[in-house]
Amino acid sequence: MKKRMLAIAVVTLLLLCSCTNTTPQTPVVSGKKMGDLILVGFSQVGAESEWRVAHTESMKAALSEENGYELIYDDARNEQENQLRAIRTFIQQGVDYIVVAPRLETGWDSILQEAKDAGIPVIVIDRDIKVEDRSLYTTYIGSDFYKEGETAVAWLEDLLEKQGRTEDTIRIVHIQGTAGSSAQLGRTSALERGVSRNDNWEKVAQEPCDFTRAKAYEVMSKILRRTKDIDVVYCENDGEALGAIDAMEDVGLKCNAEDGVIVISFDATRLGLEYCLAGKIALNVECNPLQGPYVDAVIKRRQRGEPIEQVKYINETQFDCFTITQEMIDGRGY
Ligand code: AHR
């Protein structure tokens with residue numbers, strides 16, 4: 001009897017043990033998964049715009065488990081401090097790669113040195129950075145923001161010439177993106193050069209609005225209380241353009257390239273392009289957020305030991321209110 005009881009107890013114990021761990025778990029060593037997945041820590045700026053949301057989605061889709069990755073995602077809520085903290089945590093977690101979409105152009109030297117000392121390659125995406133030692137990061141994948149700005153300025157010069165306004169004073173309001181980000185710096189310096197080579201262009205206001213619709217609405221409303229004599233509003237992204245348009249329409253101004261205020265924008269998000277089709281945004285210069293596949297390709301190339309370009313500018317286009325069609329908008333990926 002005793003023997004039978006003992007046998008039952010042993011079998012029950014064995015059964016219990018086998019039930020507690022039915023699904024095999026991937027072993028974890030000091031916060032890092034073993035196996036074939038590539039562990040990537042991605043520090044995103046935040047969610048300040050429609051563009052940013054599309055950018056995050058593209059990254060998450062490309063760095064998925066099906067594609068061979070384990071992704072640690074961190075949203076910095078528009079604070080560089082949070083990005084520095086996230087990167088330091090990625091280093092402690094022993095990730096294979098760090099990907100960062102930096103809020104600002106400067107302030108990265110020390111943290112990237114820490115990553116380099118830990119032997120972790122860093123990929124900078126979307127906005128570029130300035131560091132003393134270029135070897136602190138592997139590659140930059142993103143937009144040529146100065147070129148985007150030049151495209152916009154050249155288009156405006158051409159339009160004003162066609163309209164016979166090269167001798168008229170052109171009063172420009174400049175709504176800037178996040179001050180100190182490479183997106184702001186590039187687009188701003190292209191406009192500054194445009195203003196300096198066109199004697200008849202006059203900047204009546206210039207204010208940073210952090211790439212958000214709400215801030216641009218607030219700032220534009222304030223500017224309009226001072227003056228409504230405005231020919232051009234140069235906004236550094238679609239969110240800002242929409243906010244500025246709302247503010248102008250509130251006070252009865254018409255946004256229209258033919259007989260109203262000429263609004264220039266960047267991004268070419270779906271909503272931005274709908275405004276372009278409606279004639280409210282005169283020109284929308286594309287800033288392509290679909291960067292995930294480029295990052296995936298670079299990582300895979302590096303894994304195979306293949307050479308990697310130091311800079312990869314993504315191809316971008318432009319849309320204007322005279323030539324845009326619904327079909328063009330429908331064919332877009334974001
Ligand atoms: O860095 C890219 C810019 O950041 C986009 O133009 C803007 O929409 C985003 O928030």
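First listed ligand is number 1; within each ligand, the first listed atom is number 1. Keep in mind that what you see is a predicted model, and the values were worked out from it rather than measured.
In this structure, the protein non-hydrogen atom closest to atom 7 (C) of ligand 1 is N237 ND2, 3.5 Å. In this structure, atom 5 (C) of ligand 1 lies nearest to the protein heavy atom D267 OD1, 3.3 Å. The protein heavy-atom contact nearest to atom 10 (O) of ligand 1 is E48 OE2, 2.4 Å. What sits closest to atom 4 (O) of ligand 1 on the protein, heavy atoms only, is R127 NH2, 2.9 Å.
Taking a 4.0 Å cut-off on heavy atoms, Q184 fails to register as neighbouring ligand 1.
By the criterion of a heavy-atom distance under 4.0 Å, the side chain of R187, and not its backbone, is placed next to ligand 1.
Closest heavy-atom approach to atom 1 (O) of ligand 1 among the candidates T178, N288, D126: D126.
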*Evaluate the criterion side chain to side chain donor-acceptor pair (under 3.5 Å) for residue pair D210 and T178; output intermediate values, then yes/no.*
CA-CA 4 Å; D210 231 353; T178 298; 2.5 Å; yes
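A search for side-chain contact (heavy atoms from CB on, under 4.5 Å) contacts involving L290 returns S58, N288, Y334, not counting sequence neighbours. For the salt bridge (charged side-chain N to carboxylate O under 4.0 Å, His left out) test, no residue two or more places apart in sequence or in another chain qualifies with R193.
At a threshold of 4.0 Å, the pair E148-R187 counts as salt-bridged, since one of the basic side-chain nitrogens sits closer than that to a carboxylate oxygen.
The S49 neighbourhood of ligand 1 comprises atoms 7 (C), 8 (O), 9 (C), 10 (O), with distances under 4.0 Å to a heavy atom of that residue. Applying the 4.0 Å criterion to heavy atoms of A183 picks out, from ligand 1, the atoms 1 (O).
Residue W51 has no N or O atom closer than 3.5 Å to an N or O atom of ligand 1.
For F266 and Y234, the gap between ring centers is short of 6.0 Å.
Side chain of W201 to main chain of R197: no donor-acceptor pair is present (N/O by atom type, distance under 3.5 Å, no hydrogens or angles). A donor-acceptor pair is defined here as one N or O able to donate and one able to accept, closer than 3.5 Å; such a pair exists between the side chain of Y140 and the backbone of S143.
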